[in-house]
Peer 1: 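Quick one: the structure is below, questions incoming.
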Protein chains: 2
Amino acid sequence: MPTASDIEQMLREASLRVTRPRLAVLATVHEHPHADTDSIIAAVRAEMIDVSHQAVYDVLRVLTTAGLVRRIQPPGSVARYESRVGDNHHHVVCRGCGMIADVDCAVGDTPCLIASDDHGFDIDEAEVVYLGLCPECQPNARIN
Amino acid sequence: MPTASDIEQMLREASLRVTRPRLAVLATVHEHPHADTDSIIAAVRAEMIDVSHQAVYDVLRVLTTAGLVRRIQPPGSVARYESRVGDNHHHVVCRGCGMIADVDCAVGDTPCLIASDDHGFDIDEAEVVYLGLCPECQPNARIN
DNA sequence: ATCCATTCTTGACTGATTCCAGAAAGGGGG
DNA sequence: CCCCCTTTCTGGAATCAGTCAAGAATGGAT
């Protein structure tokens with residue numbers, strides 16, 4: 001887990017101003033992977049840091065643009081953010097409880113970038129979402 | 001393109017009541033792949049069929065549950081619907097204009113169902129979204 | 001220390017989707 | 001072919017995530 005000064009340095013390296021909301025939000029994303037915006041707001045405020053929800057939305061957009069966090073949008077869920085960037089990894093989403101876990105790509109570094117027919121598109125990224133049941137939800141599903 | 005009676009039969013085979021809104025919505029999804037809800041409402045009304053937007057939302061949910069249409073939610077876009085179901089195919093989304101095209105899976109029928117570490121999840125589906133630029137948007141991107 | 005651009009706050013607003021309750025319509029059994 | 005019950009449709013209001021706008025505050029280069 002990065003320290004407060006690590007976080008600060010990340011901001012500086014991205015040529016971003018270092019402000020209290022940014023430090024708090026970025027630290028929170030590192031502490032709570034896959035958190036949605038509301039959870040992030042709650043977590044930041046729990047640290048006794050007073051921020052408007054607007055500021056959090058702004059900061060998350062800026063951090064995403066700067067590549068410091070990654071925004072993921074699982075089907076049927078609001079936007080979530082994570083700090084793991086730069087490696088091409090994907091996600092499993094539980095159909096039962098919505099839990100999200102990271103998975104590395106089975107094939108290679110740029111795994112699914114090969115579509116059978118790309119229709120002339122210039123493809124630069126592939127988002128993969130696996131859907132299934134987490135270990136905890138599997139027993140419940142069998143009962144029904 | 002399925003005829004009106006094909007559409008009707010699809011509904012019956014799914015044990016769904018045959019109603020005007022359902023016929024119209026299902027036909028529209030066949031005619032306009034990747035349409036969002038608003039476009040579907042507009043297209044249905046253009047056929048002089050008067051439906052409430054609520055009915056369209058209902059019908060789409062019912063058809064999705066019955067497996068007659070598939071709901072897709074590209075990042076940064078509202079929900080869209082398509083009639084191609086049952087085959088495991090994916091989508092390319094253009095970063096420029098938002099256009100969506102179908103792509104078959106490069107690897108096989110159940111392509112990316114193999115995650116390197118599945119965390120104990122029971123995975124039954126993989127959604128893949130390729131992001132890039134469509135042929136039309138590529139020249140514009142180069143200018144910037 | 002000062003100044004300007006950037007960022008934050010407050011509060012209102014949009015747009016997609018859902019909830020609700022009553023009205024209407026499908027279709028299997030008679 | 002008709003009736004009744006269940007499912008579906010209508011219209012309106014509500015919710016929820018996310019965005020817009022204008023003014024106040026703050027970071028950091030000089």
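Keep in mind that what you see is a predicted model, and the values were worked out from it rather than measured. Every heavy atom of this structure was used, including side-chain atoms; hydrogens, water molecules and symmetry mates were not. In what follows, every chain begins at residue 1, and chains take the letters A, B, ... in the order their sequences are listed.
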Peer 1: Measure CZ/B:Arg61 against C1'/C:dA16 and give the value in whole Å, please.
Peer 2: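 From B:Arg61 CZ to C:dA16 C1': 13 Å.
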Peer 1: Is it true that A:Tyr81 and A:Val103 fall in one hydrophobic cluster, defined by side-chain heavy atoms closer than 4.5 Å?
Peer 2: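 Cluster IDs for A:Tyr81 and A:Val103 differ.
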Peer 1: Between atom CZ in B:Arg22 and atom C1' in C:dG27, what is the gap in whole Å?
Peer 2: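 Interatomic distance, CZ of B:Arg22 to C1' of C:dG27: 13 Å.
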Peer 1: Taking the nucleotide of DNA chain C with the closest heavy atom to each, which residue, B:Leu16 or B:Ala79, is nearer the 5' end?
Peer 2: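 Nearer the 5' end of the strand: B:Ala79.
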Peer 1: Please enumerate all protein N or O atoms sitting under 3.5 Å from an N or O of nucleotides 21-26 of chain C, with distances to 0.1 Å.
Peer 2:
residue: C:dG26; atom: N2; partner: B:Arg17; partner atom: NH2; Å: 3.4

Peer 1: For DNA chain C, what residues of residues 36-60 of chain B have any heavy atom nearer than 4.0 Å?
Peer 2: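 Hits under 4.0 Å, by residue number: B:Thr37, B:Asp38, B:His53, B:Gln54, B:Tyr57.
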Peer 1: Please name the pair of heavy atoms, one in B:Ala66 and one in B:Ala14, separated by the smallest distance, quoted to 0.1 Å.
Peer 2: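 Closest approach of B:Ala66 to B:Ala14, heavy atoms only: CB-CB, 4.3 Å.
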Peer 1: Inspect the surroundings of CZ in B:Arg45 and state if more than 12 heavy atoms from other residues, nucleotides or ligands are less than 6.0 Å away.
Peer 2: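 Enclosed.
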Peer 1: Between A:Pro74 and A:Ile100, what is the shortest heavy-atom contact and its length?
Peer 2: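 Where A:Pro74 meets A:Ile100 most closely, the heavy atoms are CG-CD1, 3.7 Å.
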Peer 1: Taking the minimum atom-to-atom distance to the side chain of A:Pro21, which one of C:dC8, D:dT8, D:dG18 wins?
Peer 2: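 For the A:Pro21 side chain, the nearest candidate turns out to be C:dC8.
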Peer 1: Would you check if the distance from the ring center of B:His30 to the ring center of B:His32 is below 6.0 Å?
Peer 2: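 Centroid separation for B:His30 and B:His32: 6.0 Å or greater.
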Peer 1: Salt bridge check, B:Arg95 against A:Glu125: does any charged N sit closer than 4.0 Å to a carboxylate O?
Peer 2: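 Counted as a salt bridge, because a side-chain N and a carboxylate O are separated by less than 4.0 Å.
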Peer 1: How far apart are the closest heavy atoms of B:Ala27 and B:Ile7, and which atoms are they?
Peer 2: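 Looking at all heavy atoms of both residues, the shortest contact is CA-CD1, 3.8 Å.
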Peer 1: Under a 4.5 Å cut-off applied to non-hydrogen side-chain atoms, are B:Leu16 and B:Arg22 in contact?
Peer 2: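 Yes; the side chains approach each other to less than 4.5 Å.
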